[in-house]
Every structure is written in C-alpha cells, then in structure tokens.
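Hydrogens, waters and symmetry mates are skipped; everything else that's a heavy atom, side chains included, is used. Protein chains get the first letters and strands the later ones, always in sequence-line order, with residue 1 at the start of each.
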Amino acid sequence: MSWAGKILRVNLTAGTVTSEPLRMDWAKQYLGSRGLASKYLVEEIDPQVDPLSPGNKIIWATGPLTGTMASTGGRYTVVTKGPLTGAIACSNSGGYWGAELKFAGWDMVIFEGASAKPVYLSIENDKAELKDAAHLWGKTVWETEAHIKKAHQDPLCRVSSIGGAGENLVLFAAVVNDLHRAAGRSGVGAVMGSKMLKAIVVRGTQGVGNIANPKAFMAAIADKKKILADNAVTGQGLPAYGTQVLMSVINEVGALPTRNHRDVQFEGAKDIGAEAMAAPRSGPGSDGKKPLVTNQACFGCTIACGRIQKIDQGHFTVQNKPQYWGASGGLEYEAAWALGAANGVNDLDALQYANVLCNEHGMDPITFGATIGAVMELYEMGVLTQEQIGIDAKFGSAQALAHFAEITAKGVGFGKEIGQGSKRLTAKYGHPDLSMSVKGQEFPAYDGRGIQGIGLAYATSNRGACHLRGYTIASEVLGIPVKTDPLESNGKPELVKAFQDATAAFDSAGICIFTSFAWGLNDVQPQVAAACGDEFTLENLNTIGERIWNMERDFNNRAGFTSKDDSLPKRLLTEPAKTGPAKGMVNKLGEMLPVYYDIRGWDSDGQLKPETRNRLGL
Amino acid sequence: MQKSLHINPDKCTGCLQCEMACSYENYGVFAPAKSRIKVFDFHDTGRKVPYTCTQCDEAWCLHACPVEAITVDKTNGAKVVNDATCVGCKVCTISCPFGTINYVQETGKVQKCDLCGGDPACATACPTGAITYVDANWTGINKMQAWADKLGNQPSAA
C-alpha cells in the first residue's frame with residue numbers, strides 16, 4: 001500500500017495529540033501529499049476563515065512514494081489557508097524531513113486551534129508529544145535545529161521549524177527543514193507562528209515496508225532512474241549548474257523580469273547566474289574562490305540540483321560575521337532572480353547573503369525580493385523617502401537589499417511593512433498597480449509578456465502567482481515534452497491545463513516536480529501502481545490531478561475569489577516589453593482566459609459547472 | 001580476486017539511496033536507521049561522506065567475539081555475523097576501531113556490512129559512483145589514472 005495508514009491530529013488549544021486511521025477512500029481519490037492534505041483541509045475548515053486565526057488548520061503531509069527508493073521520494077507539503085493570499089496554500093519541500101515522518105509511521109500531521117504559549121511537537125516513531133518551546137522562541141531556524149538535536153541527544157532527528165519571520169507573522173514566512181530546504185511560499189510559516197508552533201522534530205526508525213508489489217517496484221524505480229540519468233537536463237544540466245542554468249536562457253528569451261518588471265532583460269544577468277556561481281571571483285579585494293562549493297541531493301534524489309555555496313569572507317555583508325562564512329544552502333534560480341534581477345542588483349555575494357538570511361530566519365526569497373522591487377520603484381518615484389525606509393534604495397543597491405533582508409526577518413522599522421508583501425505595501429502608498437502579483441502572491445522569475453502561457457498559468461494558479469503549478473516554461477522555452485512558441489497565445493490554455501493537472505499528480509505522489517523534465521506521468525504511473533496498487537492507471541492519475549486542481553479552485557471560490565482575481569497586473573497587460581524577442585508585446589490573457597475556463601468545464605465566472613463536479617466526483 | 005567497497009566522498013550528494021538499498025536488502029524495508037552504511041553530512045564544508053565496514057584482514061571484531069559468531073566469507077573476505085550464534089554482548093562494538101559494527105535493539109544481535117554475499121546493494125544503488133565495488137588490490141586505480149592522465153598531458157620538457 002505504501003501509505004503508513006495513520007495520521008496524527010494535534011489540537012494546540014487543548015494540547016492533545018491523537019492518532020487516527022488515514023481515510024483510505026480519500027487516499028484513492030487524492031493520492032497523498034498535496035491532494036490528500038488539501039482534501040482534509042477543505043473538508044475541515046471554513047473557506048472564509050481568517051488564515052491567522054485558530055480556526056485555520058495547517059497540515060504537514062507526505063505522499064505514498066515519500067520515504068521509498070523512488071528517485072526524489074523525499075518530498076512533503078505544508079497545506080493551509082495562506083495569509084498572503086487568502087487562497088489555499090500548499091508549499092512543497094525536499095530535504096530529509098518528509099521521509100523521516102514516514103519512517104516514523106505517519107502519513108501526515110494535522111494541527112488545529114492555537115497554543116497559548118510556544119510549543120514544539122516531538123515525534124519518535126509511535127510516540128508523539130507537545131513540548132514547551134519558550135526557550136526556542138526568538139531563535140533562528142539554525143539555532144532551533146541545533147538546540148533540539150542537543151536536547152534530544154539525537155544528531156539524526158530531523159527538524160521542520162520557523163524562524164523570526166514566522167514568529168513575527170511576516171506574511172511570506174517559510175517553514176524550513178534541514179537548515180536550508182523550505183516549504184517556501186504563500187506564508188505557511190506565518191500560520192505556524194500564529195499558532196505558536198515553533199517546530200516539529202521527528203525521528204523514525206521503522207521505515208517503509210509495505211510496498212504493494214516490491215519486485216515490480218524495484219524494477220520500475222531502477223528503470224525510471226535510468227531515464228533521469230540519461231536525460232540532458234536531469235542527468236547533466238541540473239546537477240552541474242542547478243536551476244541557475246536558466247538565468248542566461250530566460251534573459252535571452254526576453255522574459256527575465258527586471259526592476260519590478262519595468263524591463264524584461266537584465267544587463268547584469270551574467271553576473272548572477274550559473275556561470276558566475278562556478279567561476280572564481282575576480283576584482284579588487286575578492287578572495288579569488290568560486291561561490292559554488294558543491295551540488296547536493298535531497299532525500300532519495302538521483303538528480304542532485306541543490307547548490308551549496310560560500311560567501312566571500314571579505315564581502316561587506318559578512319565582514320566580522322563568521323557565522324556566515326561556512327558552506328550553506330545556495331542560490332537557486334528563483335531566489336537569484338528575485339533578489340537580483342527584480343531589484344537590478346548584480347552583486348552575487350549580496351544575493352547569497354540575502355538568500356542565506358531567508359533560510360536562517362525562514363522567509364520566501366521570491367516574495368521578499370519581489371517586494372523589494374516594488375519598494376525600490378516607489379523610492380525612485382519619490383513616493384517613499386530615505387527618511388522613511390532608512391536607506392538610499394535605488395534599483396541596483398546591494399546595500400539596500402542586505403539592509404532590507406535584515407530588518408524584514410527581524411520585523412523592525414520599515415521591515416514590518418515589507419513583511420506584509422508587495423500587494424499591501426503598494427496599496428498603502430497609493431500604487432496598487434505596482435505590485436507584481438496575482439491573488440496577492442508575487443510572480444516568480446518569468447515574464448508573461450515574453451512567455452505567454454506562463455502568464456495564464458500565473459493568473460489561474462490556485463495559490464497565487466507561481467511557476468510550480470504549471471511550468472509551461474518546459475514546453476515554451478525548453479521544448480519539453482514538445483516545443484511551443486513562447487510568443488504565441490493560441491493553444492496555451494490547453495497546455496496550461498495539461499501541466500497543471502499532471503503537476504498535481506506528481507506533487508501528490510511525494511516526488512519532486514523536477515523529475516518532469518525527463519518523466520511524463522506515464523513514467524510515474526508504474527512506480528505508483530507498484531507501490532500502491534494496480535488501480536492507479538495512467539487515466540486514473542490524470543483524473544486525480546484534474547480532481548485536485550478543481551477541488552483547490554472550488555475552495556478558493558468559496559473563500560470569495562472570482563474570475564476578476566484571475567488577472568495580471570496592469571503592467572503586463574498594457575506596458576509592452578521594451579527589448580528582446582517579445583519587444584512590443586503584452587500578455588494576451590483576455591484571449592486565453594475564456595478558452596481556459598471552457599476547457600476546464602467552468603462557467604464564465606470561473607465556477608465549476610455541475611457536470612464538471614459530477615465527472616470528477618466533487 | 002578479492003573485491004572491496006571503495007568510497008569516494010567527493011562524488012557523494014547525500015541522497016541516501018545506499019542506506020535505503022542496504023536496509024531493503026537486509027530487512028525488506030526502506031529505513032536508513034537500519035542501514036549498515038551511513039552517510040555523514042558536514043554542513044560547514046558541504047562534504048558528505050559514506051562510511052561502513054572496510055572488512056579488516058585481522059578483524060578486531062572477529063578476534064574479540066567470545067562465542068565466535070563472526071566468521072570470514074572465504075569467497076569475498078567479508079566478516080559475517082552469524083545471528084544464531086551472536087549473544088548480543090557488544091564486545092565487538094567496543095573492539096572495532098571504526099564503530100562500524102553496531103548493536104540492534106530490536107533483534108538483540110549486532111549487525112555489520114557483509115558485502116551482500118558479493119553483490120553490495122549500496123554500490124548498485126549509488127547514482128554517482130561514490131560507492132563502487134572493485135578489485136581490492138587496486139582501489140586507487142581511478143585516482144592513479146586521473147593523475148597519470150594529468151602527467152601525460154603536460155607539455156614535453158624536451
């Protein structure tokens with residue numbers, strides 16, 4: 001079966017921890033992780049609930065392949081109603097924590113209510129208890145992990161926690177595990193903070209031993225690992241260069257959002273991408289060493305795209321701060337873009353520093369960086385002054401970036417306003433159009449003018465703007481599985497839907513979406529079927545993906561979202577790209593959206609039609 | 001020909017496929033906690049190091065065992081624990097200089113790497129070649145070759 005078959009329910013108000021059987025009827029309809037946890041959430045909370053109130057719930061969930069030898073089978077998700085967006089939030093993380101929860105014998109942990117004082121949950125196989133976290137409150141993610149490992153006398157336990165950002169209710173606070181892997185987006189860390197839940201520590205020694213058909217499973221995973229190894233992206237590009245390989249590619253395409261999307265190409269792209277990470281530093285006073293130390297895998301992953309970096313000890317950001325001199329989790333493409341191009345900053349060490357602070361204090365570098373982009377634009381317009389924000393913050397200022405990272409994580413001064421995200425900040429100062437966001441969540445690193453399909457994917461993403469809900473870049477730029485023209489909007493609604501549905505199935509299996517550079521759902525299917533049972537046919541997995549997407553959508557509709565929220569900022573719809581292949585173009589959302597609703601089986605208000613509900617069993 | 005597990009930490013990414021392969025081979029479960037090979041993660045340097053028994057020729061564990069539960073597999077040189085004989089006294093865990101023979105609470109016996117009878121599952125599972133199973137006399141052959149290549153590619157002194 002491969003699900004552990006039981007879940008932990010923690011009532012933080014009452015201080016109780018109870019075990020209950022997993023709803024296997026739901027597992028068969030929603031698979032696991034993202035899909036299954038979302039099913040529990042939508043069944044158990046009022047869609048209109050205030051995300052930071054005790055009425056919201058937050059769930060840590062694994063999938064059936066989590067904790068198995070399937071490549072990348074180490075993922076877990078954090079599912080809740082998100083405070084940044086008010087929409088359903090589901091943030092996915094790698095590292096080792098998810099597999100450890102499964103090894104302890106649990107599929108998921110549901111937290112409800114709120115604690116009156118800081119607590120953490122300790123899980124050791126069957127034994128789970130809430131413990132006092134007064135001594136941990138105020139500590140960083142890194143300090144918290146070190147304290148817990150020492151107190152438990154267990155260097156091998158795994159910790160998922162929040163830092164200052166989550167405690168201070170920064171609306172884009174992340175949940176961080178294993179020091180630098182994060183359930184990063186939509187502010188799931190703030191929900192944790194609102195419940196005064198500091199951390200979940202888990203140690204599981206039982207393992208996963210209930211694969212439905214072990215022989216078929218071992219054969220299938222070996223076969224599929226070979227596909228990953230032989231593929232140019234997953235076998236060579238990602239391990240060597242990481243996601244950062246995209247920086248120069250997307251800049252060439254003319255879709256690298258620059259200076260709060262004023263521009264679509266960044267003159268400093270070459271200074272902050274994969275090539276710069278791998279080249280020895282040069283220039284006066286530099287240490288002459290490469291920023292990139294090595295690549296690293298998450299649990300079970302045979303791709304190993306993770307970056308481990310070092311910051312130049314002489315760089316202004318870390319002078320006399322030896323705690324930042326060691327190797328640490330490094331810049332991925334999205335973070336390098338958000339902290340760099342989005343703000344016009346090309347100082348790689350400054351980006352690394354801001355990124356490390358995001359890990360240390362638990363913040364989403366995408367929303368943080370994109371919010372700084374909006375701040376810098378407001379500053380250049382004269383709307384924000386140096387007196388107000390504490391520093392000269394022109395586009396391109398590495399000093400301002402580093403300063404903002406410090407004050408936002410700690411929730412001091414103007415940092416409190418940054419911590420609200422760009423939508424609330426720009427609205428407060430009278431320029432809501434300058435928030436580059438959808439449903440309150442900031443764009444990632446691709447411009448919807450130069451890549452039309454991703455604009456539609458952003459507008460319709462159930463957790464606000466996001467590249468991981470339908471990564472049409474694979475097709476529109478990289479030609480996976482087939483090349484489509486990024487400047488063409490025809491055919492993109494179908495492409496977006498296909499990516500969205502398949503992604504929901506990948507996520508819910510407990511594997512990494514990066515496998516989809518080499519795998520189709522037809523490669524995932526034999527692994528799921530061998531692990532969980534033959535009823536998981538390709539057709540069934542496709543339907544599961546579509547069902548999950550529609551369930552999330554339906555929750556958002558009931559939370560108060562309408563078709564008006566499936567939109568893009570004015571800048572993308574009315575200000576043409578200034579340079580590159582998309583010069584003169586805007587995003588043609590108006591043409592794509594009605595077609596998309598139609599093929600989704602939604603009415604013109606974006607509501608599920610009765611026949612769609614019936615077909616998917618919703 | 002005797003073969004040895006050869007470990008190259010530079011190639012290890014920390015994916016733990018080896019630990020899962022080991023526990024699956026020996027216990028039928030994916031459980032790194034039961035693995036006889038362990039990957040250590042040194043955060044400050046970014047290094048990951050797989051570590052397991054090296055099958056000492058004059059094995060301390062074998063000599064220390066009071067009930068002769070540890071014997072040599074003549075086909076591959078592995079020092080193998082006989083579960084039926086082991087009494088769980090743990091003297092071997094004290095005598096081993098490297099810590100690679102360990103007590104298992106659940107069984108009341110000790111466990112160590114036995115080279116899977118000559119086809120180590122960890123080496124098969126390793127995706128990067130950080131763990132290989134090679135001629136025991138020539139564990140350094142790849143390193144020698146790499147340096148030899150460097151030498152051969154120097155411009156001639158003449």
Side-chain angles (χ1 to χ4, degrees), chain A residues 2 66-74 95-96 99-100 102-104 125 142 145 155-156 178-180 203-211 214 217-218 221-222 225-226 228-229 235 239 292-310 325-330, chain B residues 8-52 99 102-109 111 116 119-132:
Chain A
S2 198
T66 308
T68 73
M69 249 174 106
S71 186
T72 78
Y96 302 95
E100 198 75 20
K102 195 77 172 287
F103 296 150
N125 292 326
W142 299 350
E145 182 164 330
L156 296 174
D178 303 296
L179 303 178
H180 40 69
R203 180 78 168 112
T205 61
Q206 301 170 16
V208 172
N210 63 349
I211 298 289
F217 184 74
M218 295 306 278
I221 60 164
K225 279 182 207 166
K226 186 164 186 319
L228 294 177
L292 180 68
V293 175
T294 183
N295 67 327
Q296 177 169 304
C298 293
F299 180 89
C301 175
T302 56
I303 302 173
C305 74
R307 302 291 94 185
I308 299 298
Q309 68 180 23
K310 276 189 182 172
W325 292 354
S328 192
Chain B
N8 181 349
D10 286 346
K11 291 185 176 176
C12 179
T13 62
C15 74
L16 309 193
Q17 284 278 343
C18 55
E19 295 192 10
M20 281 188 285
C22 179
S23 63
Y24 184 77
E25 176 76 19
N26 292 296
Y27 298 97
V29 294
F30 303 121
K34 300 182 195 297
S35 173
R36 298 165 183 188
I37 184 165
K38 288 227 77 66
V39 178
F40 292 89
D41 189 346
F42 298 92
H43 291 292
D44 280 350
T45 56
R47 297 265 286 182
K48 286 120 198 118
V49 184
Y51 202 76
T52 190
N102 298 99
Y103 180 67
V104 182
Q105 295 180 42
E106 291 77 8
T107 60
K109 315 282 179 187
Q111 69 167 9
C116 295
D119 182 15
C122 56
T124 307
C126 179
T128 62
I131 306 167
T132 48

Using non-hydrogen atoms only, which part of B:Lys11 is less than 4.5 Å away from chain A: side chain, backbone, both, or neither? neither

Name the option with the most non-hydrogen atom pairs under 4.5 Å to chain B; the candidates are A:Val293, A:Leu179, A:Ile308. A:Leu179

Trace of the salt bridge (charged side-chain N to carboxylate O under 4.0 Å, His left out) decision for B:Arg47 with B:Asp10: CA-CA 7 Å; B:Arg47 297 265 286 182; B:Asp10 286 346; 2.4 Å; yes

Output the option from A:Lys310, A:Met218, A:Arg203, A:Lys225 having the highest count of non-hydrogen pairs under 4.5 Å with chain B. A:Met218

Name the option with the most non-hydrogen atom pairs under 4.5 Å to chain B; the candidates are A:Leu156, A:Thr68, A:Asn295. A:Thr68

Separation between CD of A:Glu100 and OG1 of A:Thr205, rounded to the nearest 0.5 Å: 8.5 Å

Which atoms of A:Gln309 approach chain B - backbone, side chain, both or neither, heavy atom under 4.5 Å: neither

Among B:Thr128, B:Asp41, B:Leu16, residue most engaged with chain A (heavy-atom pairs, under 4.5 Å): B:Leu16

Flag, side chain of A:Arg307 to backbone of A:Cys305, donor-acceptor distance under 3.5 Å: yes

Evaluation steps, side-chain hydrogen bond (donor to acceptor under 3.5 Å, both in side chains), between B:Gln111 and B:Tyr27: CA-CA 12 Å; B:Gln111 69 167 9; B:Tyr27 298 97; 2.5 Å; yes

What residue in A:Gly326, A:Gly300, A:Ala304 has the most heavy-atom pairs under 4.5 Å with chain B? A:Gly300

Does any N or O in the side chain of B:Lys48 come within less than 3.5 Å of the main-chain N or O of B:His43, such that one atom is a donor and the other an acceptor? no

